[in-house]
Undergrad: 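Here it is: the structure, laid out below.
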Amino acid sequence: MSLYQTQKLKVYNSLTGEKEVFEPLSEGHVGMYVCGPTVYSNVHLGNCRTFMSFDMIFRYLKHLGYKVRYVRNITDAGHLENDAEDGEDKIAKKARLEQLEPMEVVQQYTLDFHSILQKFNLLPPSIEPTATGHIIEQIEIIKNILEKGFAYEINGSVYFDVEKFNETHEYGKLSGRKLEDMIANTRELAAQDEKKSPQDFALWKKAEAQHIMRWPSPWGDGFPGWHLECTAMSTKYLGETFDIHGGGMDLKFPHHECEIAQAEACNGHAPVKYWLHANMLTLNGKKMAKSTGNNILPNEMFSGENNILSKPYTPSVVRFFMMQAHYTSILDLSDEALSASEKGFQKLMDAIDSMEKLTTGPSSSFNVEEWKQKGYDAMNDDFNTPMLTANLFEAVKRINLIKEGKETITQKDKELFIETMHGFVFDILGLENQNSAMLNSDKLSSVVGLLIQLRNEARANKDFSTSDKIRDQLAAMGIQLNDGKDGTTFSLN
RNA sequence: GGCAUUGUGGCCGAGUGGCUAGGCAGAGCUCUGCAAAAGCUUGUACAGCGGUUCGAAUCCGCUCGAUGCCUCCA
């Protein structure tokens, strides 16, 4: 029996604006598509938060026993600077500016993307398709939409006819917009455009002579529009209808709205059952923007080479910090908030490290099963990781009380306690214990053990200058001695 | 200007009609040779103004602020 049969998950569906019981289309299987990055620059911290949120969701679904097919694309073509006639492809622009082949740009930033996500301990998706690898599929979809009459060709480009679509479908239902309002708002702009209406969006763009990224199509040489790739790849790997579509809040409109329109125009029915949107990350209360300098790259955080934070933070601390907020809330990153998380994270890891050594007794003074279910309840409530975290600190308190002899635990409960704690912290939240490798090193622990022994001998002889020297110099090296009831242990800072 | 989200104690951040979220920081105590660590105790917070209600941080309205989208952005 799988966990998902007993743990009832609810998710907040952006499409309906409500928390709904999660029921996959096919029992035991979940198809999830998440919009990946456009690889034209280094991945920034805000991007990482989104992917980390969906990594946590992926991990939890797997933990529940679902067989998950997680598709996250790489946009390596088609993402235009704007939708106007002279709109330039982001990759192509970067390639032109840096005098590189477009695929060199793609390769460079794809590698950067993977390397950063790996540091944050994100699991790789099941499939990571690229837009350029699915040009044929995209062309097929355009043909299909043209046949159905929801698109028109002009000068070698093909545009989606939003007004036509809206006659029989509802354009704007995801973002809560009404087409009439949008038209009313843009009427005065009167763009000089080959599009029939400013709301229309490109399915295929004609490549001008100087354009370096180009593919042949029934409408001449060109390249696909941005929204199309996600429809093509999600349909190919997950089917015409799948369970979860995720992405950043900022993609809700127009990108996801257009995806819905394309898929409905093509297949006549909605593509996605649950739309999940991760919220933005701000920096010192303000939007992250390269233009204002209010921006930080992950590697700059890890190395400490930046003007924003007082010191370096490890990927796991940053991940813990992000997991302390709900994925649908705006999260503000600041030095003060991060260093608070760092201390909390350390406390959590120290407690976990000490669990194996807990002494057991004939009875448990608290209900481990109950505590465990509280953790699941939190996760089942739309992946409420902050509540799960609060519950983890409840465990930390119990662990420390057991160490002090003020609480007791049976051997059986201890095993359950450790297993559950590891499941929540490492499997679901995806945190990594940077101490454990060091702590588990026999050499280090025996060396420190020797020093602890020498210190205790000095203390017994009231030679406090020696004992304090050992303690303080170890502390200076980042090894902290903890005098407890049953002797001295150590932890790493 | 339009649409959406949002405004919680010193900081971060859950909750969402009545019952302590949690972390960090601060104060007191216990333990300790002194510390540290750990434990215990401690915070009368919910932007403002009205309304609904026996009761609202939680629902409704208005005002103010923030964020996202409306051209590209996770």
Side-chain angles (χ1 to χ4, degrees), chain A residues 14 17 34-38 40-41 43-54 79-84 87-88 90 172 174-178 181-182 184-186 189 191 198-199 226 246-255 257 277-282 285-290 320-321 324-326 328-345 347-348 350-351 354 378 381 384-394 396-397 399-401 403-407 459-460 462-464 467-468 471-472 475 480-485 488-491:
Chain A
S14 306
V34 172
C35 292
T38 301
Y40 69 104
S41 67
V43 63
H44 76 76
L45 207 57
N47 297 51
C48 293
R49 182 185 181 206
T50 297
F51 299 127
M52 198 184 284
S53 296
F54 286 103
H79 199 156
L80 303 181
E81 286 283 309
N82 59 65
D83 224 7
E88 192 171 13
K90 287 188 169 205
L174 179 66
S175 54
R177 281 156 215 251
K178 287 199 165 55
D181 298 344
M182 292 168 60
N185 276 331
T186 50
L189 296 176
Q199 280 69 43
W226 173 41
M249 265 304 225
D250 49 350
L251 296 184
K252 207 170 175 184
F253 187 90
H255 184 56
E257 204 71 76
H277 287 98
N279 219 323
M280 304 289 107
L281 181 74
T282 57
K286 281 177 285 181
K287 175 187 176 177
M288 275 200 179
K290 282 177 199 167
F320 179 69
F321 166 74
Q324 276 185 296
H326 190 86
T328 58
S329 298
I330 294 170
L331 172 64
D332 185 52
L333 185 132
S334 64
D335 198 44
E336 206 177 358
L338 268 176
S339 75
S341 284
E342 185 176 48
K343 285 181 188 163
F345 177 70
K347 193 169 152 183
L348 178 63
D350 287 347
S354 67
D381 185 13
N384 197 325
T385 54
M387 246 164 70
L388 173 64
T389 311
N391 198 44
L392 295 177
F393 281 102
E394 170 72 24
V396 170
K397 195 168 166 176
I399 292 165
N400 289 324
L401 283 169
K403 280 195 273 186
E404 293 204 351
K406 289 176 183 163
E407 294 260 15
R459 289 171 76 197
K462 301 217 185 291
D463 178 7
F464 296 124
S467 67
D468 288 355
R471 178 227 286 160
D472 297 340
Q480 183 184 273
L481 300 186
N482 306 318
D483 292 329
K485 201 171 178 161
T488 303
T489 58
F490 72 96
S491 54

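All heavy atoms count here, side chains included; hydrogens, waters and symmetry mates do not. Chain letters run A, B, ... following the sequence lines, proteins first and then strands; every chain starts at 1.
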Undergrad: Say we look at B:rC24 and B:rC19: how far apart would their P atoms be, to the nearest angstrom?
TA: 25 Å
Undergrad: Kindly indicate whether the side chain of A:N391 and the base of B:rG22 share any N or O donor-acceptor pair separated by less than 3.5 Å?
TA: no
Undergrad: I'd like the P distance from B:rC70 over to B:rU8, given in whole Å.
TA: 26 Å
Undergrad: With the stacking rule set at 5.5 Å and 30°, tell me whether A:F393 counts as stacking on B:rG23.
TA: no
Undergrad: Return whichever of A:R49 or A:S339 has its heavy-atom-nearest nucleotide of RNA chain B closer to the 5' end.
TA: A:S339
Undergrad: Suppose you measure atom C1' in B:rG61 against the same atom in B:rA56; what distance do you get, rounded to whole Å?
TA: 15 Å
Undergrad: Using atom names, set out every protein N or O paired with an N or O of nucleotides 37-40 of chain B below 3.5 Å, distance rounded to 0.1 Å.
TA:
| from | atom 1 | to | atom 2 | distance (Å) |
| --- | --- | --- | --- | --- |
| B:rA38 | O3' | A:N400 | ND2 | 3.1 |
| B:rA38 | O2' | A:E404 | OE2 | 3.0 |
| B:rA38 | N3 | A:E404 | OE2 | 3.3 |
| B:rG39 | OP1 | A:N400 | ND2 | 3.4 |
| B:rC40 | OP1 | A:K397 | NZ | 3.1 |

Undergrad: Answer yes when A:R471 and A:D468 have at least one side-chain N-carboxylate O distance shorter than 4.0 Å, and no when they do not.
TA: yes
Undergrad: Between the side-chain atoms of A:R471 and the base atoms of B:rA35, is any donor-acceptor pair under 3.5 Å?
TA: yes
Undergrad: By the 4.0 Å heavy-atom rule, please label A:F253 as base, sugar-phosphate, or nothing.
TA: sugar-phosphate
Undergrad: Categorize A:A390 for me: base, sugar-phosphate, or nothing, with a 4.0 angstrom heavy-atom threshold over every strand shown.
TA: base
Undergrad: When all nucleic acid strands are considered with a 4.0 Å heavy-atom cut-off, which category describes A:L281: base, sugar-phosphate, or nothing?
TA: base
Undergrad: Tabulated below should be each protein N or O lying under 3.5 Å from an N or O of nucleotides 15-18 of chain B; please produce it.
TA:
| from | atom 1 | to | atom 2 | distance (Å) |
| --- | --- | --- | --- | --- |
| B:rG15 | OP1 | A:N384 | ND2 | 3.1 |

Undergrad: How would you label the contact of A:A278 with the nucleic acid (heavy atoms, under 4.0 Å): base, sugar-phosphate, or nothing?
TA: nothing
Undergrad: Let's see if you can work this out: which of B:rG33, B:rC69, B:rU67 has an atom nearest to the side-chain heavy atoms of A:R177?
TA: B:rC69
Undergrad: Suppose you measure atom P in B:rG50 against the same atom in B:rG13; what distance do you get, rounded to whole Å?
TA: 29 Å
Undergrad: What integer number of Å spans the P atoms of B:rG1 and B:rA14?
TA: 29 Å
Undergrad: Could you give me the CA-CA distance, side-chain angles and deciding distance for A:D483 and A:T488, then say whether side-chain hydrogen bond (donor to acceptor under 3.5 Å, both in side chains) is met?
TA: CA-CA 4 Å; A:D483 292 329; A:T488 303; 2.8 Å; yes
